[in-house]
Amino acid sequence: MARKKGSITVFLSLTGILIFALIGTLVETARYTACSNHAARTLRLAAEGLLTEYSRPLYEHYGLFFLESEGTPFETVISKYAGDTFSAAKRGYMDFFRGQIQGVQIADKVYLGDNQAAALQKEINYYMTRKITKEQLEKLLKKSEKVLQTEKQAKEIEETVEEEREAAEMDKQFLELMRLVDGISVPDGGIRCEDEFIKMFATGEIKGQNFSITENKVWEKMKEKIDDTPATWEKAGKSEFLMRVQKVRKLVEQAQEQASLLRAGYQKFGGKSREFDEHDRKMRKLIDSLSVLSVNQKILEETERKLKQGLNEETMGQLRELWEDYDTTSIVFDYAGVEESGGGENPLDVLSSVWGDGILSLVCETPDKISKKNVADSDNFAKVYKEQPGETEDYDSRISEFTKDEEVSLSGVVGDAGKYVLEEFCLDSYIQDKFGSYTAKVPDWKKSLEYQWEYVVAGGDSDRKNLSSVLNRILLIRAVANFAAIYRDSGKKAEAYTAAAAIVGFTGLEPLIRLTQTIILIVWSIVEGLVDLAGLLQGRDVPVVKSPSDVLTSFSQLFQISGKTITGRAKKWKKAGKNSFGYREYILLFMAFTKKSTRLYRVMDMIQWNMVKNGYPDFHLGTCVFSVTVQGEFSFPAYFFRMVPIGKMLERDFRTYHISCRITESYL
């Protein structure tokens with residue numbers, strides 16, 4: 001009986017131990033899971049505690065949450081926050097989760113400018129979604145449609161000018177031939193005759209008909225230079241005449257070169273426009289007559305050879321016979337209108353004379369008050385991240401090239417807004433909300449550059465440079481829109497044509513007149529564009545698309561270009577309303593055409609400059625952190641596995657759990 005009782009006791013003891021071990025294992029396993037979660041939660045809360053130490057001035061002035069990576073190491077701060085949690089367990093409040101921190105390490109940081117400043121864009125999106133809606137973006141794009149159409153119009157103007165220039169180029173060769181053959185040029189409305197020219201030799205009576213000249217004023221200038229040696233060889237001064245023959249022979253060679261160019265140009269471009277039919281007829285006739293140049297050249301060459309041999313009775317007879325074929329009548333130039341032409345002042349010259357002072361003095365009411373601030377490190381963050389924004393175009397040079405060389409370049413000012421999405425609209429609206437411009441001041445905050453919208457678009461190192469770049473860009477858009485309105489006005493076109501005819505001097509040179517007319521119309525459009533710009537800067541309602549009656553500049557005012565007249569005329573526009581397309585909208589469009597990462601890096605530039613300027617000399621935006629990845633190592637004591645029976649059964653001594661956690665925390 002005693003043996004049976006002992007067997008039961010041993011059996012029950014062994015069974016109890018196994019049950020107890022099973023329960024302990026289950027409890028310890030659950031505790032391990034709970035400790036793992038506790039470790040991860042503690043590490044996450046500690047990391048979040050770190051993020052609460054964001055830069056206050058950065059948030060207060062720009063609404064951005066970023067952590068300055070300066071001062072106490074992040075690992076120390078996180079360990080302190082995590083340590084407070086574990087200290088509470090040691091004091092008995094959380095005895096079940098009592099453990100220790102073995103180590104904290106920052107595995108990764110995402111800085112504000114990383115990945116093309118994606119973190120900055122996220123912060124801005126979060127900040128602006130409370131203010132910006134998709135409907136606002138759609139409204140902007142709809143208002144911009146007419147501005148975007150100017151790109152097509154600009155290309156059409158350039159093509160028109162190019163076609164007219166090609167046709168006018170033949171007229172310029174025509175004028176050069178006129179100078180070489182007849183010796184005649186008409187600078188500034190006056191008639192001038194060269195000392196040597198191909199028709200300068202008279203073989204008969206000296207009268208206009210023998211030189212195909214019917215205009216009295218032209219003949220009066222020309223006959224003073226006529227040399228009658230071929231008609232009176234006995235009175236010839238050999239050396240003087242030989243010198244003239246040599247000079248004229250070279251002129252014939254030049255004329256033949258011009259004739260070749262004229263012939264090739266006409267074959268390529270002649271007959272393209274029916275409006276130039278009469279001009280083409282005259283041109284064909286002229287080209288046919290140029291064949292006599294080769295005959296005249298042979299006569300001059302033979303004369304030169306004989307004169308070098310000596311002038312005697314036999315030689316003079318040969319020369320008389322030779323010069324009977326020297327042609328002074330076949331090549332006929334049309335001087336129609338030269339007697340009536342008094343020349344004319346070119347509006348382009350007036351624009352050129354005032355453009356040297358720049359656009360700011362013409363469209364700003366108080367140019368002396370324009371900010372003179374500048375920075376030494378424009379596009380600094382773009383360079384730091386090795387993402388060059390590319391060459392910023394100097395739009396001022398387009399107008400300068402036009403005033404100097406009549407080079408018309410109006411296209412490429414606007415881009416494609418089809419891919420402009422809400423995220424980018426948030427960014428650009430944020431820029432206009434937090435930063436200032438020439439027309440929108442931001443008070444109570446010192447700035448390294450005053451015109452910050454303009455810096456985002458232009459990227460220059462000074463306020464004057466950035467403002468000038470933006471205004472020139474708007475001017476090119478306005479010039480295209482104004483050209484369309486002026487060109488539709490028959491009265492204005494007629495005024496430009498009359499002025500062009502006076503400038504060119506000959507009504508027969510139709511393509512050259514048409515080119516000059518188009519250049520005058522472009523000048524007119526630019527001057528009207530200056531008035532538009534002045535109106536935009538004054539906050540006035542300038543129509544995006546104009547009718548002819550909307551044009552404020554008259555032809556006579558093209559010769560009265562000054563800042564006072566431009567800004568005064570702009571006051572005729574009424575004040576801008578809610579639906580006006582003003583300076584702000586043009587800037588928004590230009591931002592849309594600027595690479596997004598370039599805009600973000602320029603925002604970073606401005607924030608950095610402004611923070612330093614306002615009493616934070618040690619602030620470094622480039623080291624500000626958006627998110628951190630933290631690796632934490634923890635240890636927790638084992639409770640149930642440390643029991644001797646369980647340890648012996650498992651043949652292992654479990655005393656401590658080692659738990660590793662990795663979490664990522666960011667501001668969004």
Side-chain angles (χ1 to χ4, degrees), residues 173-186 191-263 282 285-335 338:
Q173 292 160 4
F174 175 93
L175 291 174
E176 179 61 12
L177 277 171
M178 184 185 292
R179 185 186 69 81
L180 293 169
V181 176
D182 285 357
I184 298 297
S185 57
V186 190
I191 301 173
R192 179 175 180 273
C193 187
E194 303 288 335
D195 291 331
E196 285 86 21
F197 50 94
I198 294 171
K199 286 186 182 179
M200 72 175 295
F201 299 118
T203 58
E205 187 179 355
I206 301 177
K207 57 182 182 179
Q209 292 89 330
N210 290 337
F211 297 87
S212 296
I213 303 296
T214 58
E215 282 72 21
N216 289 332
K217 288 187 177 181
V218 174
W219 175 241
E220 287 174 4
K221 294 290 182 180
M222 188 176 177
K223 70 180 180 180
E224 296 174 1
K225 310 289 185 174
I226 297 296
D227 184 340
D228 64 348
T229 298
T232 57
W233 289 106
E234 293 81 3
K235 301 177 182 179
K238 176 185 172 182
S239 58
E240 293 84 357
F241 185 67
L242 176 59
M243 189 179 300
R244 292 192 198 102
V245 167
Q246 290 172 332
K247 289 181 179 179
V248 172
R249 179 176 56 78
K250 292 179 180 178
L251 294 178
V252 171
E253 292 173 356
Q254 294 176 32
Q256 287 178 315
E257 291 177 3
Q258 287 296 321
S260 297
L261 293 173
L262 184 62
R263 192 173 290 107
K282 294 179 181 178
K285 185 177 180 180
L286 174 66
I287 290 173
D288 291 340
S289 68
L290 294 174
S291 60
V292 303
L293 290 173
S294 60
V295 176
N296 287 359
Q297 183 180 20
K298 290 178 181 178
I299 293 172
L300 292 168
E301 289 173 349
E302 183 64 17
T303 300
E304 184 178 352
R305 187 181 65 80
K306 289 184 177 298
L307 289 175
K308 288 180 179 179
Q309 291 177 353
L311 192 62
N312 52 43
E313 201 60 43
E314 181 183 357
T315 306
M316 285 191 288
Q318 292 172 346
L319 288 173
R320 287 192 190 95
E321 183 179 351
L322 179 67
W323 276 81
E324 287 178 0
D325 294 328
Y326 195 84
D327 196 308
T328 59
T329 59
S330 295
I331 303 176
V332 182
F333 294 101
D334 184 2
Y335 292 99
V338 70

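All figures in this text were calculated on a predicted structure; none of them were measured in a lab. FYI, side chains are in, hydrogens and waters are out, and symmetry mates aren't considered; it's all heavy atoms of this structure.
K223 is linked by a salt bridge (Lys or Arg N to Asp or Glu O under 4.0 Å) to nothing, counting only residues two or more places apart in sequence or in another chain. In this structure E304 satisfies the salt bridge (Lys or Arg N to Asp or Glu O under 4.0 Å) test together with R249, K308, sequence neighbours excluded. Scanning for salt bridge (Lys or Arg N to Asp or Glu O under 4.0 Å) contacts around K298 gives an empty result, with sequence neighbours left out. D327 is linked by a salt bridge (Lys or Arg N to Asp or Glu O under 4.0 Å) to nothing, counting only residues two or more places apart in sequence or in another chain.
At distances below 3.5 Å, at least one donor-acceptor pair connects side-chain atoms of T328 with backbone N or O atoms of N210. Formation of a donor-acceptor pair under 3.5 Å by the Q297 side chain with backbone atoms of V252 is not found in this model. Side-chain N or O atoms of K221 include none that pairs as donor or acceptor with a backbone N or O of G183 at under 3.5 Å.
The two residues W323 and T303 have their closest heavy-atom pair at NE1-OG1, 2.8 Å.
A distance of 4.0 Å separates CZ of R179 from CD of E176, quoted to the nearest 0.5 Å. Note that CG of L262 is 6.0 Å distant from CG of L177, once rounded to the nearest 0.5 Å. Here the straight-line distance linking atom CE of M200 with atom CG of D195 works out to 8.0 Å at 0.5 Å rounding. Distance CD/Q209 to OG1/T329: 11.5 Å, rounded to 0.5 Å. Rounding to the nearest 0.5 Å gives a distance of 6.0 Å between CG of L300 and CZ of F201.
Salt-bridge formation is not detected for the pair K217/E220: no Lys NZ or Arg NE/NH1/NH2 atom is positioned less than 4.0 Å from an Asp or Glu carboxylate oxygen. Taking the charged nitrogens against the carboxylate oxygens, K306 and E302 do have a contact shorter than 4.0 Å, which makes a salt bridge.
The aromatic rings of F333 and F174 sit perpendicular, their planes meeting at an angle over 60°, well past the 30° parallel limit.
The stretch residues 286-295 participates, sequence neighbours left out, in no side chain to side chain donor-acceptor pair (under 3.5 Å) pair at all. For the salt bridge (Lys or Arg N to Asp or Glu O under 4.0 Å) condition, the pairs that include at least one residue of residues 313-325, sequence neighbours left out, are E234-R320.
When the shell of 6.0 Å around CE of M243 is examined, it contains 12 or fewer heavy atoms from other residues, nucleotides or ligands.
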